[in-house]
Structures are given as structure tokens and as C-alpha cells.
Amino acid sequence: MPIYVNLDVMMARRHIGAGELADRVGITPANLSILKNNKAKAVRFSTLEALCRALDCQPGDILEYAPGGPDAPQDTGR
């Protein structure tokens, strides 16, 4: 999937650990890890809103669209 979650970047900029962020957002550390490691298939707007509030950022600071990423379909030239 060409959408990536850059939570680790924002967490480093804000000097906040995963446990503290999970507490502030109201999700489990395990679910935060799934988001952080780009394993999530979806994210609720309420969770995204809570992440933005806790990290004082915009959704675009957390989410990135990269169509040529490693999961992109390869062009076989046919």
C-alpha cells in the first residue's frame, strides 16, 4: 500500500515515547505499534484526530502518499 504512517518522525520531533503517546491518544501500545510500523489497514478519524492533538500536528505530517513505494505493482512492460 502506498500510504505510509510517519509516527516515528513526529514522535521524535515532539520527544514523546510510544507509551506516553498511546496513553494520550487512548489506544493500546500494541495498536500504536501497528500504526507506527505501517501494518494497519485502516485508521479511524477519531484516532487520527487524537494523534494530531497529542502531537500538535496536521494529518499530512503523519500520513504520506508514495505511489512508487515497495508495495506498488511493478510495470512488466506489457
Side-chain angles (χ1 to χ4, degrees):
M1 184 182 319
I3 296 179
Y4 299 93
V5 180
N6 294 315
L7 268 179
D8 50 350
V9 172
M10 289 308 299
M11 290 169 61
R13 287 182 183 166
R14 301 298 190 253
H15 306 287
I16 186 171
E20 183 180 348
L21 182 59
D23 285 343
R24 286 187 188 184
V25 173
I27 62 175
T28 65
N31 282 337
L32 182 64
S33 178
I34 289 168
L35 282 171
K36 245 180 74 173
N37 295 313
N38 291 301
K39 302 292 183 194
K41 299 293 181 193
V43 61
R44 290 186 174 147
F45 279 174
S46 59
T47 302
L48 183 58
E49 177 186 358
L51 286 166
C52 289
R53 187 179 315 110
L55 295 169
D56 188 30
C57 67
Q58 294 294 313
D61 296 327
I62 297 172
L63 301 176
E64 176 184 359
Y65 174 67
D71 294 334
Q74 298 300 312
D75 184 4
T76 59
R78 294 183 193 177

Note to self: Is there a side-chain contact between Asp61 and Val9 in this structure, where contact means two heavy atoms from C-beta onward sitting under 4.5 Å apart?
What the structure shows: no
When rounded to the nearest 0.5 Å, the distance separating CG of Asn37 from CG of Leu7 is 9.5 Å
Establish whether Tyr4 and Ile34 are linked, either directly or via other cluster members, by ILVMFWY side-chain heavy-atom contacts under 4.5 Å. no
Is it true that Leu63 and Ile27 fall in one hydrophobic cluster, defined by side-chain heavy atoms closer than 4.5 Å?
yes
Rounding to 0.5 Å, atoms CD (Glu20) and CE (Met11) come to a distance of 9.0 Å
Here the gap from Asn31 atom CG to Lys36 atom NZ, rounded to the nearest 0.5 Å, amounts to 13.5 Å
Side-chain heavy atoms of Thr47 within contact of Leu51, under 4.5 Å: yes
Taken to the nearest 0.5 Å, the spacing of Asp23 CG from Ile16 CD1 works out to 9.0 Å
_Taking the side chain as everything from C-beta on, heavy atoms only, tell me whether Arg14 gets closer than 4.5 Å to Cys57._
yes
**Study point:** Connected via hydrophobic side-chain network under 4.5 Å: Leu32 and Ile3
**Key:** no
Distance col, row Leu48:CG vs Gln58:CD, nearest 0.5 angstrom, shows 10.0 Å
For Cys52 and Pro59, the nearest pair of non-hydrogen atoms, with its separation, is SG-N, 3.5 Å
